[in-house]
Student: 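Could you have a look at this structure, given as C-alpha coordinates, before my questions?
All heavy atoms count here, side chains included; hydrogens, waters and symmetry mates do not. Predicted model, so just to flag it, every value in this text is computed and none were measured.
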Amino acid sequence: MRYWLMKSEPGEVSIDDALAAPNHTVAWTGVRNYQARNFMRDAMTVGDGVLFYHSSCAEPGIAGLAEVASTPYPDETQFDPASHYFDAKATQETPRWMLVDVRIREKTRLVPLSELRQTPELADMVVLQKGSRLSITPVTVDEWKFICKKLLKK
DNA sequence: GCCAACGTTGGC
DNA sequence: GCCAACGTTGGC
(Lines give C-alpha, C1' and ligand atoms only; values in the text may rest on other atoms or scores of the structure.)
Protein backbone atom coordinates (compact mmCIF):
# COMPACT_ATOMS: atom_id res chain seq x y z
CA MET A 1 0.00 0.00 0.00
CA ARG A 2 1.53 3.27 -1.12
CA TYR A 3 0.54 6.90 -1.22
CA TRP A 4 0.78 9.55 -3.92
CA LEU A 5 0.14 13.17 -4.68
CA MET A 6 -1.33 13.77 -8.13
CA LYS A 7 -1.63 17.23 -9.65
CA SER A 8 -4.57 18.23 -11.77
CA GLU A 9 -5.32 21.62 -13.23
CA PRO A 10 -8.86 22.49 -12.14
CA GLY A 11 -9.35 24.18 -15.51
CA GLU A 12 -8.93 20.70 -16.99
CA VAL A 13 -10.25 18.36 -14.31
CA SER A 14 -11.18 19.74 -10.90
CA ILE A 15 -12.15 17.69 -7.87
CA ASP A 16 -15.76 18.62 -8.62
CA ASP A 17 -15.40 17.40 -12.19
CA ALA A 18 -14.02 14.11 -10.92
CA LEU A 19 -16.85 13.79 -8.39
CA ALA A 20 -19.37 14.38 -11.16
CA ALA A 21 -17.88 11.61 -13.30
CA PRO A 22 -19.37 8.11 -13.26
CA ASN A 23 -18.32 6.27 -10.10
CA HIS A 24 -16.38 9.41 -9.06
CA THR A 25 -13.65 8.07 -11.30
CA VAL A 26 -11.49 9.66 -13.98
CA ALA A 27 -8.73 8.32 -16.22
CA TRP A 28 -5.55 10.23 -15.46
CA THR A 29 -4.91 11.37 -19.03
CA GLY A 30 -2.25 13.72 -20.28
CA VAL A 31 0.82 12.72 -18.31
CA ARG A 32 3.75 13.12 -20.71
CA ASN A 33 6.67 12.78 -18.34
CA TYR A 34 8.44 9.47 -18.05
CA GLN A 35 9.01 9.54 -14.32
CA ALA A 36 5.36 10.27 -13.63
CA ARG A 37 4.31 7.64 -16.15
CA ASN A 38 6.56 5.08 -14.52
CA PHE A 39 4.93 5.69 -11.16
CA MET A 40 1.54 4.86 -12.69
CA ARG A 41 2.81 2.00 -14.81
CA ASP A 42 5.18 0.30 -12.40
CA ALA A 43 4.61 1.41 -8.84
CA MET A 44 0.91 1.98 -8.25
CA THR A 45 -1.52 -0.68 -7.15
CA VAL A 46 -5.29 -0.57 -6.85
CA GLY A 47 -6.25 0.95 -3.52
CA ASP A 48 -3.19 3.18 -3.11
CA GLY A 49 -4.04 6.50 -1.46
CA VAL A 50 -3.99 9.67 -3.55
CA LEU A 51 -3.89 13.31 -2.55
CA PHE A 52 -5.84 15.09 -5.28
CA TYR A 53 -3.99 18.37 -5.80
CA HIS A 54 -5.07 21.47 -7.71
CA SER A 55 -2.21 23.12 -9.59
CA SER A 56 -1.77 26.06 -11.96
CA CYS A 57 -4.69 27.90 -10.45
CA ALA A 58 -5.55 30.72 -8.08
CA GLU A 59 -5.44 28.51 -4.99
CA PRO A 60 -3.03 25.61 -5.45
CA GLY A 61 -3.32 22.91 -2.83
CA ILE A 62 -4.82 19.60 -1.75
CA ALA A 63 -8.48 19.41 -2.69
CA GLY A 64 -9.44 15.89 -1.72
CA LEU A 65 -8.62 12.27 -1.02
CA ALA A 66 -8.74 9.65 -3.74
CA GLU A 67 -7.46 6.22 -4.59
CA VAL A 68 -5.92 4.33 -7.46
CA ALA A 69 -8.86 2.55 -9.07
CA SER A 70 -7.37 0.50 -11.91
CA THR A 71 -4.30 -1.29 -13.10
CA PRO A 72 -2.31 0.61 -15.76
CA TYR A 73 -3.57 0.81 -19.34
CA PRO A 74 -2.75 2.95 -22.39
CA ASP A 75 -3.74 6.62 -22.41
CA GLU A 76 -6.07 6.83 -25.41
CA THR A 77 -5.28 10.48 -26.04
CA GLN A 78 -1.82 9.54 -27.33
CA PHE A 79 -3.47 7.93 -30.40
CA ASP A 80 -5.80 10.82 -31.20
CA PRO A 81 -4.35 13.32 -33.69
CA ALA A 82 -6.94 15.85 -32.59
CA SER A 83 -5.83 15.66 -28.97
CA HIS A 84 -3.46 18.09 -27.36
CA TYR A 85 -1.78 14.99 -25.93
CA PHE A 86 -1.30 13.22 -29.26
CA ASP A 87 2.07 11.47 -29.62
CA ALA A 88 3.06 10.57 -33.19
CA LYS A 89 5.61 8.08 -31.94
CA ALA A 90 3.07 6.01 -30.05
CA THR A 91 1.22 3.13 -31.68
CA GLN A 92 -1.50 0.78 -30.49
CA GLU A 93 1.07 -2.03 -30.56
CA THR A 94 3.68 -0.06 -28.63
CA PRO A 95 1.92 2.56 -26.56
CA ARG A 96 4.22 5.00 -24.86
CA TRP A 97 1.92 6.52 -22.25
CA MET A 98 0.14 4.50 -19.60
CA LEU A 99 -2.28 5.73 -16.97
CA VAL A 100 -4.50 4.57 -14.13
CA ASP A 101 -8.02 5.46 -13.09
CA VAL A 102 -8.40 7.59 -9.98
CA ARG A 103 -11.54 7.49 -7.83
CA ILE A 104 -12.40 10.33 -5.48
CA ARG A 105 -13.11 9.19 -1.93
CA GLU A 106 -13.76 12.55 -0.40
CA LYS A 107 -13.64 16.23 -1.24
CA THR A 108 -11.87 17.95 1.63
CA ARG A 109 -11.22 21.53 2.57
CA LEU A 110 -8.63 23.09 0.30
CA VAL A 111 -5.29 22.79 2.07
CA PRO A 112 -3.26 25.53 0.39
CA LEU A 113 0.28 25.01 -0.78
CA SER A 114 1.32 27.86 1.49
CA GLU A 115 -0.01 25.94 4.50
CA LEU A 116 1.82 22.79 3.43
CA ARG A 117 5.01 24.81 3.20
CA GLN A 118 4.55 26.18 6.70
CA THR A 119 4.09 22.71 8.21
CA PRO A 120 7.37 21.40 9.65
CA GLU A 121 6.13 17.80 9.61
CA LEU A 122 5.80 18.01 5.84
CA ALA A 123 9.15 19.66 5.09
CA ASP A 124 10.45 16.56 3.32
CA MET A 125 7.44 16.06 1.03
CA VAL A 126 8.74 15.49 -2.49
CA VAL A 127 6.26 17.91 -4.01
CA LEU A 128 7.53 20.70 -1.77
CA GLN A 129 11.19 20.34 -2.66
CA LYS A 130 12.87 23.17 -4.53
CA GLY A 131 12.48 22.81 -8.26
CA SER A 132 10.10 19.86 -7.97
CA ARG A 133 7.61 19.94 -10.80
CA LEU A 134 6.64 16.33 -11.22
CA SER A 135 2.89 15.97 -11.56
CA ILE A 136 2.90 12.70 -9.61
CA THR A 137 5.03 12.32 -6.50
CA PRO A 138 5.25 9.71 -3.75
CA VAL A 139 3.95 10.52 -0.27
CA THR A 140 5.24 8.72 2.81
CA VAL A 141 2.87 6.97 5.17
CA ASP A 142 3.76 9.48 7.88
CA GLU A 143 3.00 12.41 5.60
CA TRP A 144 -0.29 10.80 4.58
CA LYS A 145 -1.32 10.18 8.17
CA PHE A 146 -0.35 13.66 9.25
CA ILE A 147 -2.35 15.27 6.47
CA CYS A 148 -5.40 13.09 7.10
CA LYS A 149 -5.37 13.18 10.89
CA LYS A 150 -4.14 16.70 11.55
CA LEU A 151 -4.48 19.07 8.62
CA LEU A 152 -7.83 17.76 7.46
CA LYS A 153 -9.32 17.81 10.98
CA LYS A 154 -8.67 21.53 11.39
C1' DG B 1 3.79 37.70 -17.67
C1' DC B 2 8.04 36.39 -15.32
C1' DC B 3 11.39 33.19 -14.47
C1' DA B 4 13.81 29.34 -11.92
C1' DA B 5 14.36 24.77 -12.44
C1' DC B 6 14.14 20.77 -14.78
C1' DG B 7 13.33 17.58 -18.92
C1' DT B 8 13.94 16.61 -23.82
C1' DT B 9 15.97 16.96 -28.26
C1' DG B 10 19.35 16.58 -31.60
C1' DG B 11 23.87 17.79 -33.61
C1' DC B 12 28.33 16.38 -33.13
C1' DG C 1 27.70 10.12 -24.71
C1' DC C 2 28.02 15.15 -24.25
C1' DC C 3 25.76 19.31 -23.80
C1' DA C 4 23.67 23.61 -25.72
C1' DA C 5 19.37 25.03 -27.01
C1' DC C 6 14.86 24.79 -26.46
C1' DG C 7 10.38 23.58 -24.20
C1' DT C 8 7.58 22.93 -20.06
C1' DT C 9 6.04 23.41 -15.38
C1' DG C 10 3.95 25.96 -12.05
C1' DG C 11 4.17 29.32 -8.27
C1' DC C 12 4.13 34.03 -7.81
Student: Do you know which two heavy atoms are closest between A/S135 and A/A36, and how far apart they sit?
Tutor: OG-CB, 4.0 Å
Student: Assign each of A/K89 and A/G131 to its nearest nucleotide of DNA chain B by heavy atoms, then name whichever residue's nucleotide is nearer the 5' end.
Tutor: A/G131
Student: With sequence neighbours left out, what residues match A/F39 under ring pair (Phe, Tyr, Trp, His ring centres under 6.0 Å)?
Tutor: A/W4
Student: If you measure from the Lys or Arg side-chain nitrogens to the Asp or Glu carboxylate oxygens, is any gap between A/D16 and A/K107 under 4.0 Å?
Tutor: yes
Student: For the pair made of NE2 in A/H54 and P in C/dC12, what is the distance, rounded to whole Å?
Tutor: 17 Å
Student: Sort and list the pairs that fulfil salt bridge (charged side-chain N to carboxylate O under 4.0 Å, His left out) and have at least one residue in residues 137-152 of chain A, not counting sequence neighbours.
Tutor: none
Student: Looking at A/D48 and A/R2, does any basic side-chain N land under 4.0 Å from a carboxylate oxygen?
Tutor: no
Student: What one-letter contact string describes nucleotides 2-10 of chain C from 5' to 3', where B marks a base within less than 4.0 Å of any protein heavy atom, S marks contact via sugar-phosphate atoms alone, and - marks no contact?
Tutor: -----BBBS
